[in-house]
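In what follows, a single structure is set out as structure tokens and then discussed.
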Amino acid sequence: MSRDFLHRVALVTGAARGIGLATAERLLQRGAEVALNDLDAGRLGPLARELGPLALAVPGDVTNASAVRTMVQATLERFGRLDLLVNCAGILFPTRFEQIPEDEWRRTLEVNLTAVFLSIRAVLAPMKAHGYGRVVNLSSTAGKSVSTLGGAHYTASKAGVLGLTRAAAKELAAYGITVNAVCPGLIDTEMVRANVTAERLESYRGSFPIQRLGTPNEVADLICFLGSERAGYVTGAAFDITGGDLMV
């Protein structure tokens, strides 16, 4: 595997499981030093130790601006720089429109959208200092259409990520910072399997042109391309990885 991230430092949120974990593992395999963030500190610490000396656990609530600044500072103190931010932290509730309580609505927007803004804002100073940065935000096919599993709040939050990605890309390009989004379809993660029955999942799988679920590693490989030096002329874009479920 290419070592194209040698001497690069990445911060991955939502890194204790699913796409976030797969991305952290891929980056480490490709030579990066990686700070892993998750709210689940009990799971994150042992995981980072298992991944080796180039992995650092920086647990914290990404909806809290102070906690986000702390995790960025811890990354800088350990590794000395920060080149790549991958915003993978997210939540999904399947609640139907008329039953969505206000606190669930607000929590979904806080985790899936506000946290992305807070994290990007927190990494700007170290990226601007080096005149280089890569930001990759996890949206969803829901951001371009409607969520298969999640409620209206999930769809709204992921559409918001796409708008934030475009706006940030336009403003930050002058500093050598690119900002892009990845829009996965149904990926075989804990979050997906927690929100759908095996029978329903089989039905979805059969309806896709590529008749299977995507894997976290496949999404991680796309994230790594967008986070690499090779993607220097790509910004403000949203990349689908859906098995053909969404074609626009």
- prompt: Checking Asp38 side chain against Ala16 main chain: does a donor-acceptor pair fall under 3.5 Å?
  reply: yes

- prompt: Is a side-chain N or O of Asn195 found less than 3.5 angstrom from the main chain of Met191, in a donor-acceptor match?
  reply: yes

query: What is the minimum heavy-atom distance between Val123 and Val72, and which atoms define it?
result: CG1-CG2, 4.0 Å

message: Measuring only between side-chain heavy atoms, which start at C-beta, is Arg193 closer than 4.5 Å to Glu190?
response: no

- prompt: Just how far is it from atom CZ of Phe79 to atom CG of Leu11, taken to the nearest 0.5 Å?
  reply: 10.0 Å

- line: Heavy atoms of Cys224 and Arg30 approach each other most closely as CB-NH1, 3.2 Å

message: Does this structure show an ion pair linking Arg212 with Glu218, if we count only N-O contacts that are shorter than 4.0 Å?
response: yes

query: Val111 and Leu164: same hydrophobic cluster, using ILVMFWY side-chain contacts below 4.5 Å?
result: no

message: Do Val34 and Phe5 land in one hydrophobic cluster if side-chain heavy atoms of ILVMFWY residues count as linked below 4.5 Å?
response: yes

- prompt: Going by atom types alone, do Gln29 and Arg26 pair a side-chain donor with an acceptor below 3.5 Å?
  reply: yes

- prompt: Is there a donor-acceptor pair closer than 3.5 Å between any side-chain N or O of Arg17 and the backbone N or O of Ala15?
  reply: no

CD1-SG distance between Ile19 and Cys88, expressed to the nearest 0.5 angstrom: 6.5 Å

field: Shortest non-hydrogen contact between Tyr154 and Ser147, atoms and distance
entry: CD2-OG, 3.5 Å

query: In Å, rounded to the nearest 0.5 Å, how long is the span from CG of Leu82 to OH of Tyr132?
result: 11.5 Å

query: With distance as the sole test, does Ser207 use its side chain to make a donor-acceptor pair with the main-chain N or O of Tyr204 at under 3.5 Å?
result: yes

field: Other residues, nucleotides, ligands: >12 heavy atoms within 6.0 Å of Glu102 CD
entry: no

task: Sorted by first residue and then second, give each salt bridge (charged side-chain N to carboxylate O under 4.0 Å, His left out) pair with at least one member in residues 57-82; sequence neighbours left out.
output: Arg81-Asp83

- prompt: Is there a side-chain contact between Phe93 and His153 (heavy atoms, below 4.5 Å)?
  reply: yes

- request: Decide side chain to side chain contact (heavy atoms under 4.5 Å, CB included) for Leu124 and Tyr175; before the verdict, give the C-alpha distance in whole Å, the side-chain angles of both, and the deciding distance to 0.1 Å.
  value: CA-CA 9 Å; Leu124 288 184; Tyr175 306 114; over 6 Å; no

- request: Could you tell me whether the side chain of Thr13 and the main chain of Asn37 form a donor-acceptor pair under 3.5 Å?
  value: no

query: Measuring from Ile187:CD1 to Ile241:CD1, what's the distance to the nearest 0.5 Å?
result: 5.5 Å

- request: For Asn112 and Ser157, test the side chains for any donor-to-acceptor distance below 3.5 angstrom and give the result as yes or no.
  value: yes

field: Pair Ser228, Asp4: side-chain N/O donor-acceptor within cut-off below 3.5 Å
entry: no

- request: Tell me, with the steps shown, if Arg134 and Ile177 meet side chain to side chain contact (heavy atoms under 4.5 Å, CB included).
  value: CA-CA 6 Å; Arg134 298 283 185 265; Ile177 300 169; over 6 Å; no

- request: Taking all heavy atoms of Asn217 and all of Ala22, pick out the closest pair and write down the distance.
  value: OD1-CB, 3.5 Å

query: Can you tell me if Glu33 uses its side chain to pair, donor with acceptor, with the backbone of Leu54 under 3.5 Å?
result: no

message: Using the rule that Ile, Leu, Val, Met, Phe, Trp and Tyr join whenever any side-chain heavy atoms are under 4.5 Å apart, tell me whether Leu172 and Leu113 fall into a single cluster.
response: yes

- prompt: Do any N or O atoms from the side chain of Asp188 and from the backbone of Thr215 form a donor-acceptor pair under 3.5 angstrom?
  reply: no

query: Do Leu51 and Leu36 have side-chain heavy atoms sitting under 4.5 Å apart?
result: yes

- prompt: Taking all non-hydrogen atoms of both residues, which atom of Arg96 and which atom of Gly150 are closest, and how far apart?
  reply: NH2-O, 3.2 Å

message: I need the minimum non-hydrogen distance between Gly243 and Pro209, along with the two atoms involved.
response: O-CD, 3.4 Å

- request: Show the numbers, then the answer: is there a side chain to side chain contact (heavy atoms under 4.5 Å, CB included) between Thr141 and Val146?
  value: CA-CA 7 Å; Thr141 54; Val146 176; over 6 Å; no

- prompt: Are Leu162 and Leu226 connected in a single hydrophobic cluster, I mean Ile/Leu/Val/Met/Phe/Trp/Tyr linked by side-chain heavy atoms less than 4.5 Å apart?
  reply: no

field: Side chain proximity check, Thr178 to Val234, heavy atoms < 4.5 angstrom
entry: no

- prompt: Do Leu138 and Ile223 have side-chain heavy atoms sitting under 4.5 Å apart?
  reply: yes

query: Hey, mind stepping through Leu118 and Val62 against side chain to side chain contact (heavy atoms under 4.5 Å, CB included) and telling me if it holds?
result: CA-CA 7 Å; Leu118 294 175; Val62 287; over 6 Å; no

field: Beyond-backbone contact of Leu213 with Arg205, side-chain heavy atoms, under 4.5 angstrom
entry: yes

- prompt: Within a reach of under 6.0 Å around NE2 of His130, are more than 12 heavy atoms found that belong to other residues, nucleotides or ligands?
  reply: yes

query: Between the main-chain N or O of Glu199 and the side-chain N or O of Ser203, is there a donor-acceptor pair closer than 3.5 Å?
result: no

query: Do the side chains of Leu201 and Leu246 join up, straight or via other hydrophobic residues, at under 4.5 Å, putting them in one cluster?
result: no

- prompt: Within a strict 4.5 Å, meaning less than it, do heavy atoms of the Lys144 and Ser139 side chains meet?
  reply: no

- line: CZ (Phe117) and CG (Asn137) are apart, to the nearest 0.5 Å, by 12.5 Å

task: Tell me, yes or no, whether the heavy-atom count around Glu171 atom CD, taken from other residues, nucleotides or ligands under 6.0 Å, exceeds 12.
output: no

query: Tell me, do Val136 and Leu85 make a side-chain contact under 4.5 Å, heavy atoms counted?
result: no

- request: Any chance you could measure Thr148, atom OG1, to Arg200, atom CZ, to the nearest 0.5 Å?
  value: 8.0 Å

